[in-house]
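What follows is a single structure, written as structure tokens, with notes after it.
Quick caveat: nothing in here was measured; it's all calculated off a predicted structure. When a ligand or atom number is given, it counts from 1 through the structure's own listing order.
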Amino acid sequence: MCPLRIGFGYDIHRLETGRRLVLGGVVIPFDRGLAGHSDADVVCHALADAILGAVGEGDIGRHFPPGDRKWKDANSMDLLEHVWQLAAGHGATLVNADITVVAERPPLAPHYKDMRSNLAARLGSTPDRISVKATSNEGMGPEGRSEGISASAVCLLSLPGA
Ligand code: MG
């Protein structure tokens with residue numbers, strides 16, 4: 001048996017005024033930010049769910065209940081690191097991860113490099129193993145109307161004994 005596990009994660013949050021836009025741990029200049037209990041970093045949330053899926057540990061809603069004050073306004077990079085510690089406890093190492101953000105604006109390409117470095121640092125990995133990219137939604141749907149920003153992530157983990 002091949003000791004590999006794949007995981008998939010998805011998240012979407014609403015854009016609101018008076019919030020900072022944080023994606024992949026990078027604060028991005030914009031007139032609005034994502035609303036949520038934590039900093040609503042959809043990149044971290046989608047990737048964390050992908051990792052949890054790969055090790056069969058449920059989802060971030062189970063590990064970080066929205067009603068739990070401990071995680072109010074949490075830095076989602078800390079949540080991601082917490083999830084990675086759990087996966088590492090299963091003996092996991094990251095083969096690679098690939099993340100696609102759907103946002104009509106702002107342009108995210110200038111921030112890919114910093115996001116990849118941030119994520120790699122929390123996963124004990126290197127930026128070349130973590131891909132971040134983005135697409136617009138051609139004006140369609142909630143992302144296309146700039147009502148929100150979503151992210152999807154897949155990850156491949158090597159898990160001895162799997
Ligand atoms: Mg979320």
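- No side-chain donor from either of Ser146 and Glu104 sits under 3.5 Å from a side-chain acceptor of the other.
- For the Mg ion (ligand 1), the count of nearby protein N/O/S atoms, taking only those under 2.8 Å, is 3.
- Comment: Arg19 does not engage Asp39 in a salt bridge, judged by the lack of any side-chain N to carboxylate O separation of less than 4.0 angstrom.
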**Message:** With side-chain contact (heavy atoms from CB on, under 4.5 Å) as the criterion, how do Leu86 and His63 come out once you've worked through the C-alpha distance, each side chain's angles and the decisive distance to 0.1 Å?
**Reply:** CA-CA 10 Å; Leu86 196 149; His63 294 273; 3.5 Å; yes
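- In summary, of the residues considered (Leu79, Leu119, Val22), a side-chain contact (heavy atoms from CB on, under 4.5 Å) with Cys44 occurs for Leu119 alone.
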Exercise for review: Applying side-chain contact (heavy atoms from CB on, under 4.5 Å), run through Lys133 and Asp98 and close with a yes or a no.
Suggested key: CA-CA 8 Å; Lys133 54 201 189 302; Asp98 187 18; 2.7 Å; yes
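- Looking at Ser136 and Glu138, their side chains come closer than 4.5 Å, going by heavy atoms from C-beta outward.
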